[in-house]
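Heavy atoms only: backbone and side chains are in, while hydrogens, waters and symmetry mates are out. Note on naming: letters A, B, ... go to the chains in the order of the sequence lines (proteins, then strands), and numbering restarts at 1 for each one. Note that the structure is a prediction, hence the values are computed from the model and not measured.
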2 protein chains.
Amino acid sequence: MSTSERLIESTRELLWERGYVGTSPKAILERADAGQGSMYHHFKGKPDLALAAIRRTAEELLATAEAVLTGPGTPYERIEAYLRRERDVLRGCPVGRLTMDPDIIASDELRAPVDETLDRIQELIAGIVEEGKEQGQFGPRVNGEEIAATVLATVQGGYVLARASGSPAAFDAGVRGLLSLLRS
Amino acid sequence: MSTSERLIESTRELLWERGYVGTSPKAILERADAGQGSMYHHFKGKPDLALAAIRRTAEELLATAEAVLTGPGTPYERIEAYLRRERDVLRGCPVGRLTMDPDIIASDELRAPVDETLDRIQELIAGIVEEGKEQGQFGPRVNGEEIAATVLATVQGGYVLARASGSPAAFDAGVRGLLSLLRS
DNA sequence: GTCTATACGATGATAGAC
DNA sequence: GTCTATCATCGTATAGAC
């Protein structure tokens, strides 16, 4: 792997583990086994490197979500597959966690990939819910966009509950609760 | 207000705005208009002061939630009141946001108030759901603890979606979606 | 492309005067 | 109780040699 690649990958890991504010160039360089000069040769600085890392993480997350949501099965089954897909729950969402970072929120450029990714997933889910409505699988009075927001929020909030308690149980409980409501 | 009080209040504000990692003693002292000596006289250091601040914020949040959840109305209405209660959505949850802070999660002492608060609110909601089941307001097949986790997760995740998009709209959409499911 | 040297403010804390 | 040194280390970046 090239030095530039190692820098991006190390940054992705650290952003996931410690967030933007908690990630220093020094820590990135150590993990990537690179020197100061390399980083400032390939990137303009910490924000520039972080942007590259965030973009890649966002793309990867969207691809994973798309794969599950556009897979086989009824609308309910596809949403269930999304909710139950394998996750490293205690690590949290590598994209969603960035929204708690003040420096990310303060920068439109750094926030953009986060916003776009979550928005795109929400649209996908909304479409699936509308599909399910037409098929009579969901009640006619539910709103696709709203349910999509609920589904996404349950996942993002599930990470919060799990990390608070130090156990994935709360995440799973939230998902089961939502699925029980979607079924009834 | 005493110096010690000002230190705690300033820390609470900064923890909410910037998290634990993003909050420096210097920033606290400036906001509290206090000197270095004062802080280290009243508290053992940054973690000790943060613990005092987090405990107070956690207590306050629990009191607010309890007030709404034990208020008047049917079970559904009380959960609706909790979900729709006035919030400064874009600021996020002062307690939940701490779960994204690596140093909070790494310390059982700092994490404890966060865990206990969310857990207590979840128990309250779970009891209300069970009450609603007995009254036939909710289907007999829903589980109180699971629905409580879903409610809490929708709120916590709603903050994430709102901050990602820079608008409270997604939070409100998630809440409306959940309420529509609870009604049907 | 990568390395070392250098810079300067911030971080988190201690010591001792008042 | 509060203030002002003082400290070692970290954070972020630039300059210039190789």
Step by step, work out the side chain to side chain contact (heavy atoms under 4.5 Å, CB included) result for A:Arg91 and A:Tyr159.
CA-CA 8 Å; A:Arg91 294 180 76 190; A:Tyr159 288 124; over 6 Å; no
Which of A:Val95, A:Thr57, A:Leu118, A:Thr117 passes side chain to side chain contact (heavy atoms under 4.5 Å, CB included) with A:Leu62? It is A:Thr117
Ordered by number, residues from residues 101-109 of chain B within less than 4.0 Å of DNA chain C (heavy atoms) are none
(Q) salt bridge (charged side-chain N to carboxylate O under 4.0 Å, His left out), that's the test. Do A:Arg56 and A:Glu5 meet it? Break it down for me. (A) CA-CA 11 Å; A:Arg56 187 173 297 180; A:Glu5 275 301 303; 2.8 Å; yes
Contact string for nucleotides 1-13 of chain D, one letter per nucleotide 5' to 3', B = base within protein heavy-atom range under 4.0 Å, S = sugar-phosphate only, - = neither, reads BBBB-----SSSB
Would you say A:Glu145 has more than 12 foreign heavy atoms packed within less than 6.0 Å of its CD? no
Salt bridge check: are [X] and [Y] linked by an N-O gap of less than 4.0 Å?
{"X": "B:Glu131", "Y": "B:Arg78", "value": "yes"}
{"X": "A:Arg31", "Y": "A:Glu9", "value": "no"}
{"X": "B:Asp103", "Y": "A:Arg18", "value": "yes"}

| query | C:dT14 P sits how many Å from B:Phe43 CZ, rounded? | reply |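 Going from CZ in B:Phe43 over to P in C:dT14 covers 16 Å.
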Would B:Lys46 pass as a cation-pi partner of B:Tyr40, given that its NZ or CZ must be under 6.0 Å from the six-membered ring centre and within 45 degrees of the axis?
no
